[in-house]
2 protein chains.
Amino acid sequence: MKSAVEPLKARRIYLLLRDRIVAGELSPGARLPGEPALAAEHAVSRVTVRRALDLLDKEGLVQRKAGSGTFVHDTRAVRPIVADLSNVLSHLIDMGRSTDVRLLSFGYGVPPEPIAESLGLKPGERAQRSVRVRLIDGEPFSYLTTHVPEWIGLTYSEAELAARPLLELIERSGVTTERATQAINATLAGPEAAAALDLEIGSPLLTLTRIVYEPSGRGVEHLHALYRPDRYSFHMDLVRTGNDGERRWSPALGWPRTTDKSKSEKSKAGEKPTRTPRVIKQRS
Amino acid sequence: MKSAVEPLKARRIYLLLRDRIVAGELSPGARLPGEPALAAEHAVSRVTVRRALDLLDKEGLVQRKAGSGTFVHDTRAVRPIVADLSNVLSHLIDMGRSTDVRLLSFGYGVPPEPIAESLGLKPGERAQRSVRVRLIDGEPFSYLTTHVPEWIGLTYSEAELAARPLLELIERSGVTTERATQAINATLAGPEAAAALDLEIGSPLLTLTRIVYEPSGRGVEHLHALYRPDRYSFHMDLVRTGNDGERRWSPALGWPRTTDKSKSEKSKAGEKPTRTPRVIKQRS
DNA sequence: GGAACCTGTATGATGGATAATACAGCTTTG
DNA sequence: CAAAGCTGTATTATCCATCATACAGGTTCC
């Protein structure tokens, strides 16, 4: 068995720098602090900084010029996709970007207890489990694990699942979907997800867990989605509702907009990032 | 300078197991796979698995019984706070949980370019930057970095900021807030955030970036929030709108019912009061 | 009781990440 | 041109996470 210990500090610095670049804090063309400076800043040796920069370089995020410095390269290719809170990204397709789905796994079995519970399954009852990866322009950005009660799952084939949206298939089976709940969170990539998303284990991931209910209140779909944060983020517009006494933000329903100039977001140096919303025009 | 190489595989396994526990996949009382099994599953040595389990143990998530096995312990203490998408968690306060805010940093300066842009500042214009940590029941769960145009920031004092919601202070200054945009994402904890949130560097974090605009369209607040995913998550209810042709999910405006996780009946072996300190300091 | 698990504990070996240091060649600046 | 940066490239040494292995002592179950 090969032993281990993988880059840690190096990868960390790589990720931090990467975040700052993708977030727009370091604009294209800008020169990064020198290797000695970065080494001092992060209290590591220059060799380590160097490894981090090599990773950025290999990824094309940065261009190194001997004798001159390291410069931020084209970031446009790395700009994340933006979806609204209901997870709609159809506007991307309209923009000519191609999305593709790859079905990694398909089968029936007894799901873990919490999922069974959310689907209202009796102990021992089976469900269909599928794992899919969604790609945009050939690059994977989401890793979806879905569970559907067996009696629904049986109404469509594996091939159909690979080709059509699951929810559409569910509705085709005669089930009406009406309500859903979802939770957004963050995790680290485990081995399978990391492999599927072309990431290293331990990379941060955005998480979305959604349960779709039919009118009777029975769950018909349990979705667990993992997103690469550098390629996907949730975005929403809020409006102020309820005058003073009860001031609160509510989602702006007419949602389409995003017209304004690239409003980027980021915070201070050496901090956490967040993505830059994409300027998107949408049809309709 | 102390050299390095920190636990990697061990921590990874720790985090993965932790996720499964917190997510409910491994219910309280359940017995984890044995150390040899886990070692095989993750292709590591038993020593490494052991370290991961030690971390879980120290955190109180798991109880180890020599000769018997390792069992999932009380998870209720770890259940994350749930907030709706507009970031309201008032219902928690209603539940008797106390929140507290600690002001870590306060000052004025020229913000990084993307933030300046979002606030509509001219190059060189200054803004107030504050860093706060929010605690619930004494435990930190969010790390907030806010930027406000100087002319607004000057209308309140540092003490006021530490005591009252920022948005309230902004509105008190005469500014009307009407619209906001926010993006949700994920990252890894950097050094400062990790320290403030009592985490290790490299832990996953939920990210929320919100920009609040006044009616004229000028930004008046830039918020960058980092949340511990094990203590905080976003939750929302959706309803199906737009019949077939344009089927889509929209946020349910009525208040979401909290995800009641009280599956009371499960009292396994003698319940234990275990009040475990939350320190995750590893290495001694 | 005893087999078959399990967790606790100790050992030595190893290899890869990191540190520390030195020097080359290029670029920019004055 | 020369000085002062910078990146490229070695070399050597250290450290420690991990591996592999062995054995102890507890628990479960037949």
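The figures that follow rest on heavy atoms only: side chains count, while hydrogens, waters and symmetry mates do not. Convention: sequence-line order gives letters A, B, ...; per-chain numbering from 1.
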Ring centres of B/F141 and B/Y143 under 6.0 Å apart?
no
Starting at atom CG of A/L53, determine the distance to atom P of D/dG8, rounded to an integer number of angstrom.
9 Å
Rounded to whole Å, CZ of A/R50 lies from C1' of C/dA24 at a distance of 13 Å
Nearest whole Å is fine: how far is D/dC16 P from A/K9 NZ?
10 Å
How are the rings of A/H147 and A/H222 set relative to one another: parallel (under 30°), tilted (30 to 60°) or perpendicular (over 60°)?
perpendicular
To the nearest angstrom, the NZ-C1' distance between B/K65 and D/dT28 comes to 12 Å
Sidechain N-carboxylate O distance under 4.0 Å for A/R228, A/E139
no
B/Q63 CD to C/dG8 P: how many Å, rounded?
11 Å
A/E35 atom CD is separated from C/dC23 atom C1', nearest whole Å, by 15 Å
Round to a whole Å and report the spacing from CZ of B/R51 to P of D/dC16.
12 Å
Donor-acceptor pair, distance only, cut-off 3.5 Å: does the side chain of B/Y108 make one with the backbone of B/G153?
yes
Residue met sooner reading DNA chain D from 5', once A/G67 and B/S45 are mapped to nucleotides
A/G67
What is the distance, rounded to the nearest whole Å, between atom CG of A/D54 and atom C1' of D/dG8?
10 Å
Quick check: on DNA chain D, is the nucleotide nearest B/R46 upstream (toward 5') of the one nearest A/R64, or the reverse? Name the residue that is more 5'.
A/R64
